[in-house]
Every structure is written in C-alpha cells, then in structure tokens.
S.K.: 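Shown below is the structure under consideration.
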Amino acid sequence: MKPLLSINKLQAEVEGHEILKGLNLTINPGEVHAIMGPNGSGKSTLASVLAGNEDYEVTGGSVDFDGVDLLDMDASERAKEGLFLAFQYPVEIPGVSNINFLRAALKEIHEYKKIDQLTAKEFLAKVKEKSALVELDGKLTNRSVNEGFSGGEKKRNEIFQMAMLEPKMAILDETDSGLDIDALRIVAQGVNAMRSPERSFLLITHYQRLLDYIVPDFVHVLYKGQIVKSGPKELALELEEKGYDWIKEEMAI
Amino acid sequence: METTTVKDHKKGAFLERFSNADALVNQLPKLQEEAKIALEQIELPNRRTESWKYTRVNKIIKQEWHAGDSSIDIDKSLFLNWNASRIVLVNGLYRDDLSNIMAEDGLSVSSMKSALAQQRDLIHSHCGSLSAHKEDLFEAHNLVSAEDGFCLLVGKNALLKESVLVENYISGNDVAAINRNLIILEKGAQLNMIVANYSDENEVIFSNDLSEVFVGENAQFTCDLVQNHLGQEQFAINTIWANQERNSRFTLSTSTLKGNWVRNNVNVRVSGENCETNLFGTYQLRGKQHVDNHTMIDHKVPHCESNEHYKGILYDQSTGVFNGKVFVRQDAQKTNAFQQNANIVMSDEAHMNSKPELEIYADDVKCSHGSTTGQFDEEAVFYLMARGISEQNSRELLVKAFIGEVLEKIHHPEVKALFGEEE
C-alpha cells in the first residue's frame with residue numbers, strides 16, 4: 001500500500017530552539033495513529049509544522065503527503081490537498097461567521113480540485129447533516145467563528161469543520177484536553193463517523209481516555225523530538241498506568 | 001515678536017484669499033462681527049493647539065486658493081441609480097439645475113442663498129447658533145467665506161419615506177470650496193440622508209464644509225456620510241454640529257473611502273431627555289493618507305444614551321487620529337455613554353493617535369470607553385488558511401470582519417455596497 005503521509009527525519013525549530021529532531025512516521029490510508037508523550041516533547045509542534053504554521057521553521061527532513069511535497073506548500077494549499085488540523089486552541093474570529101468562512105473554504109477547495117461547486121441548497125443541507133453529527137446547535141454554526149463558544153463547543157466546532165471539509169488526513173491536536181465525558185463522546189462519535197478506508201487520523205493526546213472512544217491502530221511515543229516507541233493500542237494503556245519514566249529509562253540505556 | 005508677526009501675516013494672507021462680497025454672513029451682521037473678532041484672536045493651529053495636535057494645516061494656509069467654477073458639469077456620482085431627492089453642490093454653490101427635489105409632504109429644500117432671502121427669520125435663528133465659530137479658526141473661516149450651501153427643512157411630524165442624497169463636488173485646481181448648510185427637523189420629523197463629498201484625481205483642492213443639524217423633539221435623523229477625495233493634494237474639513245431635543249435620535253456614520261487629508265469634526269449637544277446618539281466611522285488608510293476624526297458628545301440632561309464606534313485599518317505610511325470627547329454634565333444622571341475606537345496597524349510606518357476623553361460630572365451613570373490599536377491577528381490568518389482559504393483571501397476576510405462591525409450600522413444599502421458588501 002502506498003502511504004498517505006510519510007515523514008522522514010523531520011527537524012523543526014521555533015525561535016532558535018530545536019524541537020523536532022529527526023522524526024520519522026508513516027501513516028497508511030485508513031489508519032488511525034495516536035501520538036502521546038510528556039509535555040514539551042514536540043507533539044503540538046509536529047501538528048503545527050505539518051499544517052504549515054510559519055512560526056515554526058523546518059530545518060531538515062521531508063514530508064510526502066499523497067505524492068506531493070507537503071513542506072513546499074503554504075497552509076492553505078496543504079488544506080486544499082486534504083490535510084486538516086483540529087486546533088488545540090481554536091481561534092476566535094469576531095465578525096466572520098462560521099458558515100461564511102466554511103463556504104469560502106469549500107469554494108476554494110472545489111476550485112482547486114476542479115470539481116463542481118455546491119449549490120446553496122446542497123451547502124446548507126451539508127451544514128445541517130454535519131452539525132448534527134457533533135450535536136452543534138444551528139445557532140452556533142451561524143455565529144462568528146468560535147466567538148463566545150464554550151471550550152467543548154469550540155472543539156465540536158473543529159470536528160464539524162472537519163466533517164464539512166472531508167479531508168484525506170486529519171490531525172487532532174489535543175482535541176480531548178479539557179473536555180468533559182459527554183463532549184468527549186460527541187467528538188469521538190464525529191471522528192468515528194468519518195473513519196473510512198481512505199481517510200487517516202493522527203491523534204495527539206495526553207490521555208489514554210480518548211483512545212477508549214477512538215480506537216487507534218498504532219500508538220507512538222514522542223520524546224525529545226523523536227518517536228522513541230511504537231506499538232499497538234495497548235501501549236497507550238501501559239503509558240497511562242506507568243507514565244513515561246520507564247520510557248525515559250529505556251532511552252537512557 | 002518677529003514670529004508672531006510672521007504668523008499673523010500668514011493668517012492674514014490666507015484669510016485675504018477668502019474675502020467674499022457675496023458671503024452669506026454679510027447679511028448676518030452679528031455673526032459677521034463674532035467671526036471677525038475670532039479670526040483676529042485665534043492663532044493658526046500648531047502642534048501646541050490641543051485639537052490640532054496631530055494634524056498639520058500648514059499646506060492649507062500656504063496654498064494660493066481661489067474660488068472654483070461652480071457652473072461645470074459633473075459626472076462622478078457614486079449613486080447613479082438614485083431616484084429619490086438629490087441635492088447637488090458644486091464648488092460650494094447649490095446647483096438648482098442638477099438638484100432634483102421630489103415633492104413630498106413636509107420636505108422643503110433650497111439653497112442657503114435663497115433661504116436667506118426668503119426665510120430670513122429661519123436663517124437668523126439657526127445659522128451659527130450651534131457652531132463654534134468663536135473658538136475654532138476654520139469654523140470662523142467657514143462662516144466668513146461661505147457663499148452658499150443647502151437648507152433642508154422637514155416639517156412637523158413629516159416622516160420622509162425616501163432618503164435624501166446630498167452630493168458635494170469640488171473640482172478644479174487650487175480650488176477652495178466653502179459651504180454652510182442647515183438641516184432642520186421639526187418635532188416628530190424623520191429624515192434619512194446620504195451625504196457624499198467628492199473631488200477628482202490630480203486636482204489640488206480644499207474644502208471646508210459645515211452643517212448645523214437641529215433635531216427636534218421626538219425627531220429621527222440618520223445620515224451616512226461618504227468621503228471620496230481621490231487626489232493626492234486635497235484637504236477636506238467636514239464639520240457637523242447637532243442639537244437634539246428630547247426623545248430624539250441622531251445617527252451618523254462616516255465612511256472615509258478616499259482622502260489624502262481629512263479632518264472630521266462631529267459635535268452633538270444632547271439638550272433633551274431620553275435621546276439616543278449614535279456615531280460610527282470607518283477608515284482604511286493607504287499611502288500617506290491622513291484622516292482625523294474628532295467627535296464630541298455633550299450630555300447635558302438625564303436619561304440619554306450614546307454609542308460611538310470608530311474602526312480603522314492603517315496601511316503603508318498612513319496616519320490616523322481619533323479624538324472622542326464625551327461630556328456628562330452634573331445634571332445628566334442615568335446617562336449611558338459607550339465609546340470604542342479600534343485600529344489595526346498593518347505597517348511599521350503607519351501611525352494611529354487615539355484619544356478617548358471622558359469628562360463625567362454626574363455620579364449615577366454608565367460610561368465606558370475603549371481604544372485598541374494593534375497588529376493583524378496572524379493566528380487568525382493561519383486558522384483560516386488551515387481551512388483552505390488562500391492567504392490573500394484570509395486577510396481580506398479578516399479586514400472585512402473587523403470593519404464589518406461598523407459597516408453593519410450603516411443605514412443605506414447603497415452605501416454598504418460601496419464596500420463591496422453583498423446584500
């Protein structure tokens with residue numbers, strides 16, 4: 001099988017500090033990967049670098065995304081190629097309505113892919129269907145992006161946007177952090193509904209709990225900017241139970 | 001001593017250019033005397049003049065202005081499909097041939113010249129009764145130089161269905177256009193209007209436009225002011241003085257679309273209880289544009305509300321000024337006064353001077369003011385781009401959103417459309 005995403009010896013720094021130090025990761029179509037790791041190991045940096053945040057400077061390595069050189073594109077082109085990032089801290093954008101901005105995004109994506117534009121009716125039907133998926137109130141979909149949303153609503157809004165844009169690959173950056181169990185269940189239900197043999201997920205999380213709801217195919221441990229251990233979903237349980245010290249000890253040997 | 005003489009000479013030479021045998025004020029001796037004294041006493045604005053601290057007038061003072069040809073044809077309207085009443089001024093003079101006043105109950109419009117001839121008492125009792133020609137050099141200058149303008153009266157309980165469009169064209173080279181207008185809403189009257197000021201590219205002009213607006217008891221006045229001065233050497237002073245009687249509403253939006261040097265003075269005296277006052281403004285400045293919005297709301301009596309919201313974006317080497325004075329007098333208990341000025345500075349070379357000034361003498365009031373000047377929210381740009389929107393479109397979307405909060409307050413869809421808003 002041809003991998004969807006292959007990250008090869010990726011190095012990145014922010015403000016002169018090297019965070020990713022030669023990271024390798026391959027994700028095949030349809031797979032769900034989880035990345036766990038202690039604070040400061042580089043999890044969110046990985047998400048930001050992949051999505052094209054220019055605050056981070058890539059200093060080495062390569063990323064192939066479904067046959068294109070991901071690092072050669074800006075954030076908007078990456079999204080048009082089918083990469084999606086659910087933000088750890090979704091940004092509030094007063095004055096830009098959720099609906100209008102998704103319409104603008106879909107319009108550009110359809111232009112890019114040279115596929116027919118949705119009619120207004122099709123678009124609204126899609127909004128209705130996808131917002132129901134994450135139980136997002138119709139009022140919220142019409143409001144300014146994330147403005148005045150609760151923490152849980154913001155995260156559900158991220159999943160709603162993902163469902164609207166139907167990416168090939170979604171990165172969820174700590175989407176579960178700070179969610180109560182009901183919100184977590186709704187988020188997971190949204191993600192699970194979107195799982196398909198073509199679509200892959202990269203879940204970045206601190207907590208094994210998420211993985212009870214979204215069961216991963218692989219779990220990786222990120223430590224000091226590298227993936228130091230990979231395993232089946234049981235690895236997450238082991239990490240939950242034993243913490244990261246044993247990994248650090250293994251590393252030291 | 002020498003400096004004073006030089007300044008006096010400069011001021012004298014400037015004022016000399018505007019001496020006008022046909023000025024309205026020649027028939028208003030009391031005002032003429034007041035203005036004359038003021039012009040002798042008031043110094044040319046300089047950096048130490050508080051109300052002109054950030055706005056330089058030297059170029060206006062130095063230039064050899066002359067009156068423009070007021071009989072020329074004009075074809076620059078932003079409202080070509082307007083089919084309600086239209087008032088047209090060219091180089092400061094009212095143009096009967098271009099104006100088109102619909103017959104509507106309660107609406108009467110004329111030039112100031114003919115109003116002075118035919119409604120002498122009305123002009124005498126209103127003209128100059130609000131303006132600060134005793135304190136401000138350019139207001140005094142307006143009073144002594146203005147030869148014409150429009151006089152618009154909406155009679156008692158007349159609710160005008162159609163809006164009135166005022167178009168004020170200034171054209172020519174080294175042309176100064178000075179006009180003075182009266183807008184009077186009698187008790188229970190309602191008037192919506194658009195005022196558009198234009199000047200052409202490649203022309204050097206100076207305009208000093210002053211309107212006094214009388215909003216009677218229970219009257220409703222809404223005005224969208226649009227400024228579109230296309231040239232690089234153009235100086236526009238626009239002054240509005242308004243007085244509100246009880247239970248009235250005054251709403252003004254100021255959209256500076258283009259203008260190399262613009263000074264707006266908006267002053268509202270709230271004289272009656274239970275009034276509402278709304279002032280909105282937007283500016284998007286590029287190149288070396290300089291736009292100065294000075295506002296003043298004077299709450300004299302209890303139970304009134306004012307909302308003020310100005311938003312601007314400054315690119316390149318542009319400079320902006322916002323100065324918002326709000327007085328809440330001792331008797332003005334239960335006043336709600338809200339003022340906000342927000343700016344985004346897009347370049348290291350652009351500058352914004354924002355100064356809210358609240359003077360509150362009453363103790364049972366709700367007043368708030370805020371002034372923010374910041375950079376573009378790059379996190380928001382990244383967020384939109386991460387959803388597939390190009391960088392340019394993301395920035396445009398955010399600019400629109402920022403200004404949008406004020407744009408949505410604009411009354412007329414025709415004016416909103418000038419910003420490319422879809423209706």
Side-chain angles (χ1 to χ4, degrees), chain A residues 47-56 73-98 100-113 143-147 154 157-158 160-168 170-171 173, chain B residues 253 255 280-284 307 309-313 338 340-346 368 370-410 416-417 419-423:
Chain A
S48 296
V49 167
L50 290 177
N53 186 333
E54 287 176 2
D55 291 346
Y56 298 84
M73 298 185 288
D74 75 12
S76 154
E77 293 164 319
R78 294 179 199 198
K80 286 175 178 127
E81 282 291 337
L83 185 77
F84 181 90
L85 170 65
F87 282 64
Q88 182 180 4
Y89 304 111
V91 182
E92 295 192 12
I93 312 182
V96 176
S97 86
N98 244 338
N100 284 346
F101 121 86
L102 280 171
R103 187 181 278 136
L106 273 174
K107 186 166 165 262
E108 282 199 37
I109 291 169
H110 280 221
E111 262 167 29
Y112 183 84
K113 292 186 182 164
R143 283 237 300 268
S144 288
V145 179
N146 295 320
E147 197 185 28
K154 281 181 184 168
N157 194 23
E158 294 294 290
F160 163 63
Q161 292 174 29
M162 176 177 82
M164 286 297 292
L165 301 178
E166 300 177 295
K168 286 188 240 175
I171 302 164
D173 188 6
Chain B
S253 78
S255 304
F280 307 111
T282 62
Y283 38 93
Q284 293 180 55
N307 301 293
H309 206 156
Y310 277 71
K311 276 192 151 184
I313 300 179
F338 168 84
Q340 175 76 28
N341 172 233
N343 304 286
I344 297 179
V345 177
M346 300 288 242
S368 71
S371 167
T372 58
T373 296
Q375 318 274 311
F376 214 63
D377 183 356
E378 293 298 329
E379 271 185 49
V381 176
F382 176 59
Y383 190 83
L384 295 177
M385 286 178 72
R387 297 297 177 253
I389 302 175
S390 70
E391 179 170 358
Q392 193 189 338
N393 288 347
S394 296
R395 289 184 186 278
E396 280 174 16
L397 201 61
L398 291 169
V399 164
K400 260 190 172 179
F402 178 74
I403 294 288
E405 208 183 342
V406 173
L407 286 195
E408 70 185 24
K409 312 283 191 186
I410 291 175
K416 282 186 188 162
F419 292 87
E421 287 291 286
E422 290 155 36
E423 281 308 311

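Computed from a predicted structure; not experimentally measured. Convention: sequence-line order gives letters A, B, ...; per-chain numbering from 1. Quick note: numbers below take in every heavy atom, side chains included, and nothing from hydrogens, waters or symmetry partners.
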S.K.: Determine, stepwise, if the pair B/Leu397 / A/Ile93 fulfils side chain to side chain contact (heavy atoms under 4.5 Å, CB included).
M.R.: CA-CA 10 Å; B/Leu397 201 61; A/Ile93 312 182; over 6 Å; no
S.K.: Does B/Phe382 reach the side chain of A/Asp55, with side-chain heavy atoms less than 4.5 Å apart?
M.R.: no
S.K.: What closest approach, in Å, do A/Pro94 and B/Ala401 show between heavy atoms, and which atom pair accounts for it?
M.R.: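 The answer is O-CB, 3.5 Å.
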S.K.: Distance check, rounded to the nearest 0.5 Å: B/Met385 atom CE versus A/Asp74 atom CG?
M.R.: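 Result: 3.5 Å between the selected atoms.
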S.K.: Mind checking whether A/Val145 and B/Leu384 have side chains closer than 4.5 Å, heavy atoms only?
M.R.: no
S.K.: Does atom CD of A/Glu111 have more than 12 heavy-atom neighbours, drawn from other residues, nucleotides or ligands, at distances under 6.0 Å?
M.R.: yes
S.K.: Heavy atoms only: give me the nearest B/Gly388-A/Ser76 pair and the separation to one decimal.
M.R.: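 Heavy-atom minimum between the residues: O-OG, 3.5 Å.
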S.K.: With a 4.5 Å cut-off on heavy-atom pairs, point out which of A/Glu108, A/Lys80, A/Glu77 contacts chain B the most.
M.R.: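 When all of A/Glu108, A/Lys80, A/Glu77 are compared, A/Glu108 has the most.
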S.K.: Is the count of non-hydrogen atoms from other residues, nucleotides or ligands lying under 6.0 Å from A/Lys107 atom NZ greater than 12?
M.R.: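 Open: at most 12 neighbouring heavy atoms sit under 6.0 Å from NZ of A/Lys107.
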S.K.: Got a second to check how far B/Leu398's CG is from A/Phe101's CZ, nearest 0.5 Å?
M.R.: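 Answer for the CG-CZ pair, B/Leu398 versus A/Phe101, is 10.5 Å.
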S.K.: In terms of heavy-atom proximity below 4.5 Å to chain B, should A/Pro90 be classed as side chain, backbone, both, or neither?
M.R.: both
S.K.: According to the salt bridge (Lys or Arg N to Asp or Glu O under 4.0 Å) rule, which pairs have a member within residues 82-98 of chain A, sequence neighbours left out?
M.R.: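 Checked against salt bridge (Lys or Arg N to Asp or Glu O under 4.0 Å) - neighbours excluded - the pairs reaching residues 82-98 of chain A are A/Glu92-A/Lys154.
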S.K.: Hey, does the side chain of B/Arg387 reach the backbone of A/Leu85 with a donor-acceptor pair shorter than 3.5 angstrom?
M.R.: yes
S.K.: Does atom CD of B/Glu379 have more than 12 heavy-atom neighbours from other groups under 6.0 Å away?
M.R.: no
S.K.: Name the member of A/Ser144, A/Ser97, A/Ala75 that forms the most heavy-atom pairs with chain B at distances under 4.5 Å.
M.R.: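 Highest number of pairs under 4.5 Å: A/Ala75.
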S.K.: So, using side-chain contact (heavy atoms from CB on, under 4.5 Å) as the criterion, who are the partners of B/Lys409 when residues are at least two apart?
M.R.: B/Phe280
S.K.: Pick one of side chain, backbone, both or neither for B/Glu405, based on which atoms fall under 4.5 Å of a heavy atom in chain A.
M.R.: neither
